Amino acid sequence: MIEGFTALYIFMLSAVAGYEVISRVPVILHTPLMSGSNFIHGIVVIGAMIVLGHAQTPMEQLIGFIAVLLGAGNAVGGYVVTERMLEMFKSSKS
Amino acid sequence: MATLMQLSYFLAAVLFIVGLKAMSSPRTARKGVMWAGVGMVLATLVTFFDPTIIGFANYLLIIIAIGIGGGLAWVTAKQVQMTEMPQMVALYNGMGGGSAGGIGAVALLEAQRKLVETGDNAIFQQMGADVAVLAVLGGLIGSVAFSGSLIAWAKLDGRMQRNSLMPAQQIVNIVLFAAVVLAGIWVFFSGGVFSIFVFFVLALVLGVFMTVPIGGADMPVVISLFNALTGLAVGFKGYVLGNAALIIAGTLVGAAGMLLTVLMAKAMNRSIANVLFSGFGTHAVAAAEGPEGEMKEMGAEDAAYLMAFSERVVIVPGYGMAVAQAQHKIWEMVQGLQGRGVDVKFAIHPVAGRMPGHMNVLLAEAGVPYDLIFDMEEVNEDFKLTDVVLVIGANDVVNPAAKTDESSPIYGMPILEVEDAENVLVIKRGRGTGFSGVENHLFFGDKTKMVFGDAQKVGSQMAAAIKEL
């Protein structure tokens, strides 16, 4: 379990990492990058798996089920779309 | 097992950061997304061994949900046309937001259920104030991103009218926002299922109302903003669940997405607040006096000859190229020109199309090498030395009103200064105004010749004409 300030440090450092990674990106990659970061937050599926995992009432199970379904869709769809886009980029020299 | 799980999550987080970094350069981008993919698979697999997952039924539900959600997404993502990419990104992003919202709802319901057992009478006592705040906040952001992204998808996919403005839209939105905040506070202090229900319904409605009045030209910024918001919501959910992989990946995307959104808004010379609250292009265009002069037409063949006998040609693609799927024909034509020794470049405005870089993706699909493609800053000086500019289905990004007409809704947006070139050819479907509903004086200019028709058809006529020379 990650508590209080440890989490705050993680938040802060991840935000810096995200900012730094993107700050020098050519416009040509904006769409694939948006799509790629869209894929990365598909990690939400594991959070959904965990809550569905300890759901006990039918209501919790229903919402949890939808959450896992949507999360999986985010991850898989995000990956395939990004991969398809990047597949096409090539240089005239190669 | 616990150590192995933590180690896997750690590795996944590293892979996400390294992957995102690699994705920011065209040479390494493909490797980047693969690394991130490995991280995702790893994290998902070890989560099956999470000791807090209980009950065979729940395992079964998880597997079925992943099967259905993943399967459907796989099929649709494989089939979708490149031109429809923006709405697909919006759709998948909405799913992520919905998932984060759902996690919030279940976590709150669970806390509510435990209230009865422990005898506490408020959710924040049960969860801890910090966790409760982030559960509510993450639920709000995730739900807004969910319903908002779905509206963005519907608009881009042409399933919904583009600018539907309700009366007193802004006041309604402010009231709604206040209501959502109050409902959130209610959830925080109460212990009732009803408060949770009201809160999530209001949050979903807010997402819809926020997005409905936003005009199509602003959609790229909005999608990027929702992408960042979903990331943020995922990060908050990571705290609620005590899962570092979620915190890191979510916050990483939140920060990166926010920066990307700011860059995009800046490229349009607008602030994010302006995009969200102005209802762009919806205010009845202030009795704009029609442009002077007339449009001068030119046939596709003549236009092709004009380019074939020039030295420098710059091509400015816009959404019209995407709609017509013209990129392949255009590239065929360009290869013809190159064969004749014409120097051809592509110039891309940062917000051309419906997503930043949308045009780059389409040109890449057609096989145009990325070193022929230039950003606005790189190419704007070159227009003075250019013989012919060919504008394909672009409108606002070349509209000189952005520089000269203060009353124009796009005033202040940097544009591609195609007017500086000796000749301007414009391929356009019809005589109407573009997506934003603003008249374009460029089309009536002395140097400008209009080639009316579907971009794909015109492109192939041009390619054929050049071949026969």
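Just so it is clear, the model here is predicted, and its values are computed rather than measured.
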Inset, instruction - Name the region of I66(A), side chain, backbone, both or neither, that has any atom closer than 4.5 Å to a heavy atom of chain B. - result: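 Neither part, no heavy atoms under 4.5 Å.
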Report which part of [X] has an atom under 4.5 Å of a heavy atom belonging to chain A: side chain, backbone, both, or neither.
X       : answer
T261(B) : neither
R27(B)  : neither
Q112(B) : neither
F146(B) : side chain
K237(B) : neither
Y9(B)   : side chain
T76(B)  : neither
L263(B) : side chain
D50(B)  : side chain
M34(B)  : both
A105(B) : side chain
V193(B) : neither
L61(B)  : both

When heavy-atom pairs shorter than 4.5 Å are enumerated against chain B, which of [options] gives the highest number?
options                        : value
V44(A), V51(A), V45(A)         : V44(A)
I50(A), I63(A), I40(A), T57(A) : I40(A)
V21(A), I46(A), I22(A)         : I46(A)

Highest number of heavy-atom pairs under 4.5 Å with chain A: which of [options]?
options                         : answer
K78(B), R30(B), M88(B), E110(B) : R30(B)
G250(B), A13(B), S224(B)        : S224(B)
I64(B), I68(B), V234(B)         : V234(B)
F374(B), F16(B), Y59(B)         : F16(B)

Legend entry - Aromatic plane relationship, F39(A) with Y79(A) - under 30° parallel, 30 to 60° tilted, over 60° perpendicular: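 Taking F39(A) first and then Y79(A), their aromatic rings stand perpendicular (interplane angle over 60°).
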Inset, instruction - Check whether any side-chain heavy atom of N360(B) sits under 4.5 Å from a side-chain heavy atom of I373(B), and report yes or no. - result: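 Of all side-chain heavy-atom pairs linking I373(B) with N360(B), at least one is under 4.5 Å.
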Rounded to the nearest 0.5 Å, how far apart are [atom1] of [X] and [atom2] of [Y]?
X      : Y       : atom1 : atom2 : answer
M85(A) : S35(A)  : CE    : OG    : 4.0 Å
Q6(B)  : N243(B) : CD    : CG    : 7.5 Å
S37(A) : M258(B) : OG    : CE    : 12.0 Å
N74(A) : N93(B)  : CG    : CG    : 7.0 Å

Might you point out which heavy atoms bring [X] and [Y] nearest each other, and give the distance in Å?
X       : Y       : result
G97(B)  : A145(B) : CA-CB, 4.4 Å
I247(B) : G238(B) : CG1-C, 3.5 Å
L134(B) : V240(B) : C-CG2, 4.0 Å

